[in-house]
Amino acid sequence: MAEERNRRALLELAAKPDNTACADCGAPDPDWASYTIGVFICLNCSGIHRNIPQISRVKSVRLDPWDDVQIEYMSCLGNKVAQAKFESKVPAFYYKPTASDCQVLREQWIRAKYERKEFIYIEKQEPYSAGYREGLLWKRGRDNGQFLSRKFVLSEREGALKYFNKNDAREPKAIIKIEHLNATFQPAKIGNPNGLQITYLRDNSTRNIFVYHEDGKEIVDWFNAIRAARFHYLQVAYPIAMDVDLVPKLTRNFLKEGYMEKTGPKHTEGFKKRWFTLDDRRLMYFKDPMDAFARGEVFIGSTENHYKVEEGLPASTQGNHWQFGITITTPDRKFLFTCESDTDRTDWISAFQKVLNKPMLPQEYAVEAHFKHKP
């Protein structure tokens, strides 16, 4: 009787509006709970909690027995109360993962909150809040594909991320302006759970750098240090902007990636299979997903500026191996692509349409004017 009563009481607590999303990633209808922290969490986050048993002990809301003391503790806390405590001092720039984010981001967010208590004690945020960070990362060689240890230095004062080919080198191999810097986790592409892709603009073309660190905390601290540097740069560049408007501009995930075939500007060349990345209004194509430089880039404007995407190819098109065509029309020319399946084509068209539906910003007209497409 007591067990059934407790189960009903726990389900009632789980159904409260404050508890209907995972306390850590926001996934709906969490079916698990930490009875030592007092939060309702999803299955995926419960697995991470199990890895810190000295801090968190988890049970199934529906399947495990709960005693009176545990029910009382859950009723006194819950997600909202626990978040008010463990997330009280999260910096505006710090990336809060969602259910769709990779494992290392979600795990380090959970460990930062409950194990290291970084958002209760502000001095623990120094690794990514100090405005300066240096250390070693494994970086993929541009030509040979080998990962080698390289020194990286991030300096807000200099407005740059630099890396050096030798630890004692005086001059950096590259200086990357914070203004043009982006970072996004790419564990599957890089083949490492802590893989981070850093991109930046050089001569109005995109350059990719692929790095990782064996320690999950280290790579996530680098990621948030980059976000902090970008945040402080944007605060200076746009002094009247609200933080809430700047945070989405700190780092961005690619809108879509995958293989398509393409042909050249005359539409008479054979179609070639290429790896495509849609990064905001830039559609880039690469021979290999891990190439440092794109073979070419296409600017995707907006519908009101006479850009459009259509299903299919012109009737005279030849030389394509894949049958599911896409035509992108710009003010200057048509670009022809083919996909391996109808599902792929639908997904690509949906991604393109989202970009086309957004009005162009003033600074994007300048990008459009200077855009260099490499056929």
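When a residue number appears, it is its place in the shown sequence, counting from 1.
- Rounded to the nearest 0.5 angstrom, I122 CD1 and I120 CD1 are separated by 12.5 Å.
- Listed by first and then second residue, the ring-ring contact (aromatic ring centres under 6.0 Å, His included) pairs that reach into residues 342-366 are W348-F352, sequence neighbours excluded.
- Nearest heavy atom pair, residue A92 against residue D243, reads CB-OD2, 4.3 Å.
- Scored by the ring-ring contact (aromatic ring centres under 6.0 Å, His included) test, W66 finds no partners at all (sequence neighbours excluded).
- When K217, R116, E118 are each tested for a side-chain hydrogen bond (donor to acceptor under 3.5 Å, both in side chains) with Q108, only one passes: R116.
- Between the CG atom of D221 and the CD1 atom of I226 there is a distance of 11.5 Å, given to the nearest 0.5 Å.
- For W222 and Y212, the ring centers are positioned 6.0 Å apart or more.
- Between H232 and Q235, the shortest heavy-atom distance links the atoms CD2-OE1, 3.2 Å.
- Smallest separation of non-hydrogen atoms from N19 and L13: ND2-O, 2.8 Å.
- Within 6.0 Å of atom NZ in K308, 12 or fewer heavy atoms from other residues, nucleotides or ligands are found, so the atom counts as exposed in its surroundings.
- Counting non-hydrogen atoms of other residues, nucleotides and ligands closer than 6.0 Å to CZ of R57 gives a total of 12 or fewer.
- Between V90 and the options K96, K113, Q125, a side chain to side chain contact (heavy atoms under 4.5 Å, CB included) holds for only K96.
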